[in-house]
Each structure stands twice: as structure tokens, then as C-alpha cells.
Amino acid sequence: MAISATATEAKPVKTKISTFDEVNIFFDKAAERLDLDNGVRELLRQPWRELEVSLPVRMDDGKIRVFRGYRVQHNGARGPFKGGIRYHPDADKNEVRALASLMTWKSGLIDIPFGGAKGGVQCDPRTMSEGELNRLTRRYTLGIEPIIGVNEDIPAPDLGTNAQTMAWIMDAYSQTHGYSPGIVTGKPVELGGSVGRDAAPGRGTVYVMIEAARDLGIPLEGARVAVQGFGQVGSWAARLLHEQGSKIVALTDIGGGVYNPNGIDVRLALLHQLDTGTVAGLPDTDKISSKEMMALELEYLVPAAVERVIHEGNAPNIKAKVVVEAANHPTTPEADQILMDKGITVLPDILVNAGGVVVSELEWTQNLYQHQWELSRVNEELLKKMKGAYARVREVVELKGVSYREAAFLVGVGRVASVVKLRGFI
Ligand code: GLU
């Protein structure tokens with residue numbers, strides 16, 4: 001695909017195969033190394049259950065619009081299905097399948113008692129009013145209600161959804177099931193949400209980077225970092241990296257990108273984004289396109305938004321020493337190979353961004369006991385989980401001489417496969 005030098009180029013690249021097939025390339029590699037038999041591979045590759053729903057919504061202009069919604073339950077061998085809900089124009093069935101399967105491997109790798117799922121509604125939430133989003137969310141909740149449940153399938157936020165969306169889901173679900181805070185995670189704290197959940201994916205990213213920085217000998221202090229996608233995950237990662245003494249030299253969001261080789265004041269960038277809706281135009285910075293940002297001399301490049309933004313078209317230009325996948329599936333398999341050949345370390349999504357689901361599990365546990373933990377306890381547990389998973393992955397990297405991604409998939413897939421055997425599915 002041709003790459004144009006505009007802000008829109010950070011969109012996922014269209015490739016010949018689906019995102020789901022791409023994730024399964026990573027899965028198949030792990031299955032091969034684990035020597036799983038064909039039946040087990042097939043069982044682990046395919047989603048267990050998929051629901052597609054039609055969602056009529058009365059828009060503010062009085063007209064009815066019908067949206068497509070999905071919930072894919074990829075694998076529930078290790079516990080209730082778990083995964084976010086994405087509101088995005090590209091959230092089609094194959095994308096949701098891919099993201100659901102990543103949740104299965106992520107929960108396995110991080111070792112929390114959940115399976116993997118994902119939901120999606122094909123819509124553009126940025127063009128919808130709060131009332132329209134509220135009505136759409138209630139319709140969607142009713143649509144997927146037969147297959148979700150506090151002990152069956154627990155949604156959470158993802159791209160385009162947030163704590164408010166979760167509050168609407170909880171309310172819609174509670175109308176027929178009674179007060180059920182445990183039906184979703186990532187809720188507002190007042191409704192049983194966990195403190196620290198909003199920051200968790202970004203915080204977990206930085207916890208992994210602290211560990212990796214030591215092993216790779218690339219200190220975070222003074223490191224040049226670029227964050228592609230200054231949203232919920234990227235902005236927290238940038239803030240916490242700033243605290244580690246890193247220099248955030250470039251940031252992009254949907255409205256454009258900004259660059260300052262001496263470092264961007266992340267707090268000011270956040271305020272500017274709050275004010276204007278984008279980081280573009282931030283004082284004391286130069287304009288930068290996503291293409292230019294990808295090619296900067298960096299220690300760490302952090303894609304933190306949509307998938308497939310690193311592809312065969314731009315991977316050859318990447319000069320960062322480390323790619324930190326705060327987004328889900330930001331790197332296509334071809335690009336992954338290119339980066340590997342160039343000697344660039346890729347810290348994979350299922351490890352890096354697992355902080356969200358880790359604190360989701362803590363939130364769910366608090367809900368089951370009607371408890372509310374303090375931030376220090378939540379962050380301590382998060383640190384323990386992220387450090388533990390990183391250490392296991394690093395061990396496999398060293399033992400087997402594989403990449404971090406291969407190691408992460410080996411651990412994640414291996415854990416799910418062994419439970420499938422123990423449960424006697426096959
Ligand atoms: N959407 C987040 C993810 O991709 C969090 C999922 C969850 O907390 O269930 O990991």
C-alpha cells in the first residue's frame with residue numbers, strides 16, 4: 001500500500017490476509033514448537049462461540065440507523081471469557097476474532113484465570129452524541145446478554161469505549177439481573193470500578209519497559225521515545241515514562257503529530273489535547289507525520305493505538321532500538337520479520353499491554369467480595385504480575401533463543417493447551 005505523508009497514514013494497513021489470520025501465524029509458530037497435535041491446534045485456533053447482532057438505534061435527527069455488533073468468545077478453557085469492547089469503523093468480525101484470540105493468549109501468559117473474548121460495534125463514536133452512544137450501548141448489551149454473565153463473559157473498555165460505556169452496560173444488564181457490578185470491568189470507581197484501572201495498560205507497559213531496559217542495556221533515563229496514539233494507553237505510558245526520565249520526542253493522535261527533539265512536556269500535551277481535541281499544534285513543537293515519526297532515531301517506539309500500523313511498507317525505515325507494543329497487534333507478521341532481521345527488539349502486545357486485563361481481574365475480584373482496594377495494593381499486584389510474566393518470557397527467550405513474541409506465545413499458548421488436556425477435552 002502506498003503511504004501518504006498525512007496524519008491519516010496511522011490507519012491500519014490493508015493486507016491480503018485478515019488480522020485473525022495474521023495472529024494465527026504467530027499462534028501456529030508456537031503450536032509447532034510446542035508440538036501440539038492437529039486436533040488441539042484446531043480447537044485452540046478457532047473461536048468457541050460467535051454472536052453477531054443487528055443494533056437499531058434512533059439517532060438524534062429522528063432517523064433509525066442499524067449498526068453491526070459482535071461478541072466473539074475465543075477460548076474459555078482457563079476461566080470466564082474476558083475482553084474489551086471496541087467501537088470503531090473497522091471493528092468487523094475478523095478483527096474482533098483476532099483481538100479475542102489475543103486475549104486468550106494474554107490471559108494465559110499473564111496467568112490470570114480468564115479465557116479470551118472481544119466485542120465490537122462498527123461505528124464511529126467520535127461522530128455520535130452521548131445520547132446516541134448510550135442508546136447504542138444498551139441495544140448492544142441486550143444483544144449480547146444471552147452469552148455474557150458475571151461468571152461467563154465479562155466485557156471491559158477498548159478503543160472507542162470507556163468507563164461511561166461500562167456504566168451503561170452495567171445498568172442495562174442490572175435491569176434484568178439485579179445489581180451486577182461484576183458484569184463489566186473498567187467501570188467508574190463510584191460504581192465498583194477499581195482505582196488504577198484507567199492507568200493500568202499504560203502503567204503495565206512501563207513496568208515491562210523498566211524490566212526490559214535493564215536486560216537490554218537501554219536505560220529509560222534519557223531515552224528518546226515516540227508514542228504513536230496519544231490516547232488512554234499512550235498518554236499514561238508517556239506520563240509515566242516522563243517520570244522515568246525518558247524524553248518523549250514525538251507524539252501523534254488522530255488529529256496529527258508533534259515533535260521536539262529536546263522532549264515534549266507530556267502534561268502540557270494532555271492539556272492541549274483536552275482543549276483542542278488533538279496534540280497537533282502544541283506550542284514548542286514541530287509538526288510531524290506518522291511516517292516521519294516511525295523513521296526517527298529512537299531508543300523506544302511505542303505504538304499505542306490501532307493494529308497493523310507497522311507493516312512491510314514502513315518497517316524497513318524504523319530506526320528505533322526497541323518497539324514496545326502497547327497496542328494490540330500493531331505489527332504485521334511480515335513487519336515482525338523485517339524488524340527481527342534488522343536486530344530491533346519487539347516487546348509483544350500480549351505481554352506489554354496486559355496491565356489492563358490484570359487490573360480488570362483485580363476489579364472483578366473486588367466486585368465478587370464487595371471490596372474496594374487502595375491504589376497502592378492494586379499497583380503492587382499489577383507490578384508483581386507484569387514482572388512475573390516478563391521474567392518468564394525472558395527466561396524462554398534465553399533458553400530457546402527465540403524472539404520475545406515467540407516466547408510470549410509459547411508461554412501463553414502452552415498454558416491454555418495444558419489446561420485443555422487436563423480438562424479432558426481431547
Ligand atoms: N481491552 C483491553 C485489552 O485489550 C482490556 C481487556 C479487559 O480488561 O478485559 O487487553
Side-chain angles (χ1 to χ4, degrees), residues 19 23 70-76 78-88 91 95-121 125 144 148-163 165-166 169-170 181-188 192-194 196-205 207-208 229 231-234 236-237 303-307 324-330 348-367 378 381-382 385-386 389 408 412:
T19 321
V23 173
Y70 309 91
R71 184 73 184 169
V72 173
Q73 298 177 332
H74 178 261
N75 187 293
R78 298 182 71 260
F81 299 101
K82 186 85 191 81
I85 292 168
R86 175 171 291 201
Y87 286 181
H88 195 275
E95 182 183 89
V96 177
R97 279 179 181 149
L99 297 166
S101 69
L102 284 171
M103 287 308 302
T104 302
W105 315 133
K106 196 185 297 185
S107 296
L109 165 63
I110 211 81
D111 206 8
I112 50 176
F114 284 139
K118 203 82 175 194
V121 177
I144 63 169
I148 61 171
V150 175
N151 290 300
E152 281 90 44
D153 183 354
I154 307 117
D158 196 74
L159 272 185
T161 57
N162 55 26
T165 323
M166 298 306 112
I169 294 178
M170 183 204 141
I183 187 60
V184 279
T185 57
K187 300 175 288 294
S194 179
R197 173 62 182 83
D198 55 344
R203 188 176 292 280
T205 298
Y207 285 163
V208 169
Q232 177 61 24
V233 181
W236 270 106
V306 287
E307 59 272 13
V324 185
E325 295 187 336
N328 285 314
H329 196 65
D349 49 4
I350 59 172
L351 170 66
V352 170
N353 71 33
V357 76
V358 167
V359 177
S360 275
E361 199 259 340
L362 302 178
E363 178 174 328
W364 184 69
T365 304
Q366 290 170 71
N367 293 154
V378 170
E381 295 277 342
L382 173 62
K385 276 293 185 199
M386 301 308 294

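Whatever order the structure lists ligands and atoms in, that order sets their numbers, starting from 1. Counting begins at 1 with the first residue of the sequence. Keep in mind that this is a model prediction, so the values were computed, not measured.
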Item to check | Check against side chain to side chain contact (heavy atoms under 4.5 Å, CB included), His88 and Val306 | outcome: CA-CA 10 Å; His88 195 275; Val306 287; 4.0 Å; yes

Check for me whether [X] has a heavy atom closer than 4.0 Å to any atom of ligand 1.
| X | result |
| --- | --- |
| Glu361 | no |
| Arg86 | no |
| Gln232 | no |

With heavy atoms of [X] as the reference, note each atom of ligand 1 found under 4.0 Å away.
| X | answer |
| --- | --- |
| Gly83 | 9 (O) |
| Gly356 | 8 (O) |
| Lys118 | 1 (N), 3 (C), 4 (O) |
| Met103 | 3 (C), 4 (O), 6 (C), 10 (O) |

Checklist entry - Which atom pair, heavy atoms only, marks the closest approach of Ile154 to Lys82? => result O-NZ, 2.8 Å

With a heavy-atom distance limit of 4.0 Å, tell me whether [X] approaches ligand 1 through its side chain, its backbone, both, or neither.
| X | result |
| --- | --- |
| His329 | neither |
| Ile154 | neither |
| Glu363 | neither |

Checklist entry - Taking distance alone, with no angle check, do Pro157 and ligand 1 share an N/O pair under 3.5 Å? => result yes

Checklist entry - Could an N or O of ligand 1 be found under 3.5 Å from any N or O of Ser360, whether backbone or side chain? => result yes

Checklist outcome for this item: Tested for side chain to side chain donor-acceptor pair (under 3.5 Å) against Thr104, the lone hit among Lys118, Gln73, His74 is His74

About how many Å separate [atom2] of [Y] and [atom1] of [X], when rounded to the nearest 0.5 Å?
| X | Y | atom1 | atom2 | result |
| --- | --- | --- | --- | --- |
| Trp236 | Gln232 | CH2 | CD | 8.5 Å |
| Leu99 | Glu95 | CG | CD | 5.0 Å |
| Ile350 | His329 | CD1 | NE2 | 12.0 Å |
| Thr165 | Ile85 | OG1 | CD1 | 8.5 Å |
| Glu325 | Thr205 | CD | OG1 | 11.0 Å |

Distance to 0.1 Å, residue and atom name: give those for the protein heavy atom nearest to [atom].
| atom | answer |
| --- | --- |
| atom 5 (C) of ligand 1 | Arg197 NH2, 3.6 Å |
| atom 1 (N) of ligand 1 | Asp158 OD1, 2.8 Å |
| atom 9 (O) of ligand 1 | Lys82 NZ, 2.8 Å |
| atom 3 (C) of ligand 1 | Lys106 NZ, 3.3 Å |
| atom 7 (C) of ligand 1 | Ala156 CB, 3.3 Å |

Item to check | Salt bridge flag under 4.0 Å for residues Asp349 and Lys106 | outcome: no

Next on the checklist: Within the 3.5 Å criterion, strictly below it, is a donor on Thr161 or Arg86 matched to an acceptor on the partner's side chain?
Outcome noted: no

Item to check | Audit row: Arg78, Asp111, salt bridge (Lys or Arg N to Asp or Glu O under 4.0 Å) steps and yes/no | outcome: CA-CA 9 Å; Arg78 298 182 71 260; Asp111 206 8; 2.8 Å; yes

